[in-house]
Amino acid sequence: MRDVVTGQLVAPTIDHHRTEADFLAHCQCLIASDPTASKWHLIMDCLNIHQSESLVRWIADIEGIAFDTLGVKGKSGILQSMSTRAQFLANPLHKVVFHFTPKHCSW
């Protein structure tokens with residue numbers, strides 16, 4: 001995690017392997033860093049770990065959305081595909097809103 005004002009590394013939270021669990025822990029650490037924030041906007045590329053089932057379940061928990069309404073990964077509902085998960089994560093009504101760069105976009 002970096003301080004956006006100074007650019008200093010505050011706390012390394014993602015390992016060089018960049019697993020789904022690492023990214024989820026990073027997001028949880030980031031949001032926990034300021035419990036008074038009313039809204040978070042996170043800008044991501046379209047890497048699969050940025051649209052994971054565990055990330056959707058975490059946001060659903062924050063939003064008070066029952067897990068049994070999310071569907072089944074690869075089969076139905078919000079969890080059906082990366083596209084449906086990204087759409088859910090980008091919901092502007094959520095406390096944590098993910099914004100995804102266009103596919104094949106360069107940083």
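Contact annotation: the side chain of C27 approaches that of W58 to within less than 4.5 Å [non-hydrogen atoms, C-beta and beyond]. At least one side-chain heavy atom of F100 sits under 4.5 Å from a side-chain heavy atom of L89. Using a 4.5 Å heavy-atom cutoff, the side chains of I59 and V56 are not in contact. Within the 4.5 Å cutoff, the side chain of L42 has no heavy atoms near those of the V97 side chain.
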Practice task
Apply side chain to side chain contact (heavy atoms under 4.5 Å, CB included) to N91 and F98, showing your working.
Solution key: CA-CA 8 Å; N91 185 330; F98 290 81; over 6 Å; no
Exercise for the section: List the steps and the verdict of side chain to side chain contact (heavy atoms under 4.5 Å, CB included) for Q51 and C46. Expected result: CA-CA 7 Å; Q51 301 166 6; C46 294; 4.0 Å; yes
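For CD of E63, the number of neighbouring non-hydrogen atoms (other residues, nucleotides, ligands) closer than 6.0 Å is greater than 12. Atom NZ of K75 has 12 or fewer neighbouring heavy atoms from other residues, nucleotides or ligands inside a 6.0 Å radius.
For the pair K73 (side chain) and I78 (backbone), a donor-acceptor distance under 3.5 Å is absent.
One distance of note links CZ of R85 with CG of L55; it measures 10.0 Å at 0.5 Å rounding. One distance of note links CD1 of I31 with CD1 of I62; it measures 6.5 Å at 0.5 Å rounding.
Hydrophobic clustering of Ile, Leu, Val, Met, Phe, Trp and Tyr side chains at less than 4.5 Å, counting indirect connections, keeps V72 apart from L70. Criterion: ILVMFWY side-chain heavy atoms under 4.5 Å apart, direct or through other members. Under it, M82 and I49 are not part of a common hydrophobic cluster.
For the residue pair S54/S52, the side-chain donor-acceptor check at 3.5 Å is satisfied.
You'll find the ring centres of H94 and F88 inside the 6.0 Å limit.
Stacking of R18 on the aromatic ring of F23 is not recorded, the 6.0 Å distance cut-off and the 45° axial limit not both being met.
For the pair H50 and M44, the tightest heavy-atom approach, listed with the atom from each and the gap, is ND1-CB, 3.8 Å.
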